[in-house]
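One structure below.
Order of appearance sets the numbers: ligands from 1, and atoms from 1 within every ligand.
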Amino acid sequence: MGRLVVVSNRIADPRKAAAGGLAVALGEALRSTGGLWFGWSGNIKAEGTPGEGELHVRQAGTVTLATVDLCQEDHDGFYLGYSNGVLWPVFHYRLDLANFDTGLVNAYRRVNQMFARKLMSLLKPDDVIWIHDYQLIPLGAELRAMGCSNRIGFFLHIPLPPAQIMSALPQHAWLVRSLFAYDLVGFQSEADVSHFAAYLQQEVPVETPAPGLYKAFGRTLRAGAFPIGIDVNEFQDLANAREGLDMAQRMREEYARRRLLLGIDRLDYSKGLPHRVRAFRQLLANYPENRNSATLIQVASPSRETVDAYADIRQELEHLCGAINGDYGELDWMPVRYIHRTVARHRLPGLYRAAHVGLVTPLRDGMNLVAKEYVVAQDPEDPGVLVLSRFAGAAEQLKEALMVNPYDEHGTAEVIQQALQMPLAERIDRHQNLIKQISVYDVHWWQHRFLEALSETKSTLV
Ligand code: ADQ
């Protein structure tokens, strides 16, 4: 394989462990080919010109990091406006939250064109390019328009909605057509792949010459499911490091008389946080033996706070948590501890390990890595129970979790009760099956599998 070029909206220095499993896995692939990682610098220039950003190139060991600044107008239109105000809600099935202001797509297109121009100046003829996520869907097509004939793959980290929802997006035809600039498109789950195939059947004259191949707009595209995993070894090491064990011990002592339920999320409406908190309230109402005992720790990290829908969810969640504490709390027991913060990565495993129940109940999620992290951090001899939404991509793989429909708050409360009462033998059994699945399909498997599929893909001009 030639040099690997990874393009993602945000980049990380792959040498820093704090960057997380994805950065480590991509870093590993980049290092082995002396690769290039390209993306937004994270800088917003108040005075810049739209569609023009300064390019910065630096070395991180054998990997080259290339980043571009955005001006305020581009950041607001491309990132907050179209990516997070239109694509994020629509792809999470929330047409009601999308802002279809027609001007926003211009900024999205302009920034993708600018990224394509800057990237073109850095490319070599045999580079293999791997583009990530919804902010950059048209980047491949922009590169092709500038004459790029390299092999290009694209991975969508978020769900692809059913055709009926996708086709409500005013720019759906343009976006899907631009996917055909790629040689390989990867989705998180088989459900996403089937939505893609159904959309093509409905909206495009498409031929399917072989399973996983789609021929339209003069090109043949390969598409498939490549469920992302975590770096299991890295996470287990963190869990077994002194700080991880100390954290678990401290939490256990603090909550010695309680049963701990844990939610760790970005504060995002897709994560189903109000539904989760209401289900917890039902648990206390319907199963009074949990009062003065079951404690929900919900950590929600600040996210996209300038987008209105995010401010709304924050307010709703704070209100709900306050109400439950007011109604059920005792002088020596707070039912909900809600923390609006990001937990340092090295403290996460200890927190997961101390929790009897991990609550991962998004209304919709591409994959959800918290579910996998929770399982890996458990003590195999006394593991906690994962309660998982059937609407997370992870549900296709983690069949031994207790599944819930997060919209059914009564049903979710029942399943949480089942989790709290699960006998040790069943917990061990389920945990063993889950950990096997997560260990085989880890983030290294994902990275290898995608790049292998991309390198097998023939040049597809037809
Ligand atoms: P996210 O929506 O960000 O990612 P998720 O996969 O759940 O969702 O989490 C990513 C990482 O963030 C995890 O490693 C987790 O530990 C960390 N994290 C989340 N909340 C945190 C908090 N409060 N404090 C500290 N760390 C926190 C998108 C898609 C997902 C998909 C991933 C990867 O939305 O569906 O799984 O990309 O493809």
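- Paired with F154 under the rule ring-ring contact (aromatic ring centres under 6.0 Å, His included), one option of F226, F450, Y182 passes, and it is Y182.
- Under the 6.0 Å cut-off for aromatic ring centres, F187 and H195 do not qualify, their centroids lying 6.0 Å or more apart.
- Proximity of the aromatic rings of Y214 and F196 is defined here by a centroid distance below 6.0 angstrom, and this criterion is met.
- The contact shell of ligand 1, taken as protein residues with any non-hydrogen atom closer than 4.0 angstrom, comprises W88, H157, Q188, I228, I264, D265, R266, K271, V299, S301, R341, T342, V343, R345, L348, Y352, D365, G366, M367, N368, L369, V370, E373.
- Applying the side-chain contact (heavy atoms from CB on, under 4.5 Å) criterion to H410, with sequence neighbours excluded, gives Q282, N286, D408, E414.
- Looking at E409 and R281, no side-chain N of the basic residue comes within less than 4.0 Å of a carboxylate O on the acidic one, giving no salt bridge.
- Here D442 does not pair with K372 in a salt bridge; the nearest charged N to carboxylate O distance is not below 4.0 Å.
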